[in-house]
Structure formats: structure tokens, C-alpha cells
Amino acid sequence: MSVPYKYHLRPAYGSPELLLQFNLDSSDTDFIKDVFKALASIEPKVNSLQELWMNGEIILHISSSIGEFCLSRDIWDFGFVTAEENQPCIKAIHKILDRNPLFMQEEVDFENYKTQKA
């Protein structure tokens, strides 16, 4: 287990919308459970589960006291929290995780996520 889980608060590629990206490894089997524990104060509830068999990704569609968001994990050992329609939710989740010893933010350069102009 690679606790603390390292994550980036960053924009989506070519977008101003923020997301949380977790860099995991195959031993991080409790990642989703640990995220739910950390976010207990916002009462996360899974509305639906989507499995994308072609790339082994699982996406949880979640409602909470601060709105809806998605939590995903893929076979490349990345996890994401996204909320395109609820950016304040991403910032609030980041604040919660930032205070939790199981999670550690790593700073990134937002310029790296801009798309290149031809």
C-alpha cells in the first residue's frame, strides 16, 4: 500500500475544470474504501457503478452533501475525482483530503495540461 496516496489537483487536459488525479500502484486495494472514509463528513453515497470492460476502469457516480461527483480507478493505476458540473465540490474534496494523513497533494504546473496550438 502506498499510503499516503499521492494526488494532484489539476485542470483536465485543455480545460479550466479541475479534477483530482491519484497516482496509485497495484497494491492500493483499499483506495476506494479509504477515499470514502476520508470523505465521510460529506456523506458520499454511490448512485451507480459503471464498469468499462475495455480498459478495466470502474467509475462510481456519487452524491454527497456537497453535490455529485465521480470517483474512478483504471488498470493503469490512476484514480480520479471529477465533477464537471460541480467545481466547488472538487475544491471541497481537495480541502478534506489535504487535512487527512492518508492523502498527500503533490504540486503540478497547470501549464502542462494546456493543449498545444498547431
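Just so you know, these numbers come straight off a predicted model, no measurement behind them.
Interatomic distance, CD1 of Ile75 versus CD1 of Ile58, reported as 13.5 Å (0.5 Å rounding). Note that CG of Leu102 is 5.5 Å distant from CG of Asp34, once rounded to the nearest 0.5 Å. Distance check, rounded to the nearest 0.5 Å: CD of Gln21 to OG of Ser72 gives 10.0 Å. Between Leu19 atom CG and Cys70 atom SG the span is 11.5 Å, to the nearest 0.5 Å. Between the CG atom in Leu71 and the CG atom in Leu39 there is a gap of 8.5 Å [rounded to 0.5 Å]. Remark: Lys6 NZ to Leu24 CG distance equals 11.5 Å, nearest 0.5 Å.
Every side-chain contact (heavy atoms from CB on, under 4.5 Å) that Lys45 has, sequence neighbours left out, goes to Ser63. Listed by chain and residue number, Leu97, Asn100, Phe103 satisfy the side-chain contact (heavy atoms from CB on, under 4.5 Å) test with Ala38 (two or more places apart in sequence, or in another chain). For Lys33, the side-chain contact (heavy atoms from CB on, under 4.5 Å) test picks out Asp30, Lys37, with sequence neighbours left out. Shown here are the side-chain hydrogen bond (donor to acceptor under 3.5 Å, both in side chains) partners of Glu106, two or more places apart in sequence or in another chain: His8. Gln105 is linked by a side-chain contact (heavy atoms from CB on, under 4.5 Å) to Tyr7, Leu9, His94, Asp98, Glu107, counting only residues two or more places apart in sequence or in another chain.
With a 4.5 Å cut-off on side-chain heavy atoms, Asp28 and Phe22 do not count as touching. Residues Ser64 and Glu43 fail the side-chain proximity criterion, which asks for heavy atoms closer than 4.5 Å. Contact annotation: the side chain of Phe69 never approaches that of Leu20 to less than 4.5 Å [non-hydrogen atoms, C-beta and beyond].
Gln87 contributes a side-chain N or O that, together with a main-chain N or O of Ala83, makes up a donor-acceptor pair within less than 3.5 Å. With hydrogens and angles ignored, the 3.5 Å screen pairs a side-chain donor or acceptor of Ser65 with a backbone N or O of Ile42.
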For residues 11-18, which side-chain N or O atoms pair as donor and acceptor with protein atoms under 3.5 Å away, sequence neighbours left out?
from  : atom 1 : to    : atom 2 : distance (Å)
Ser15 : OG     : Glu17 : N      : 3.0

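Residue Asn86 comes nearest to Gly67 through the heavy atom pair ND2-CA, 3.3 Å, listed as atom of the first residue, atom of the second, then distance. When all heavy atoms are compared, the tightest approach of Ile66 to Ile93 is CD1-CG1, 4.1 Å.
Note: the hydrophobic cluster containing Met104 does not contain Phe80 (ILVMFWY, side chain heavy atoms under 4.5 Å, direct or indirect links).
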I would like to know whether Phe78 and Asn23 meet side-chain contact (heavy atoms from CB on, under 4.5 Å); could you show each step before the answer? CA-CA 5 Å; Phe78 288 108; Asn23 298 317; 3.2 Å; yes
Carefully, step by step, assess Glu85 and Glu68 under the rule side-chain contact (heavy atoms from CB on, under 4.5 Å). CA-CA 8 Å; Glu85 303 297 319; Glu68 295 185 357; over 6 Å; no
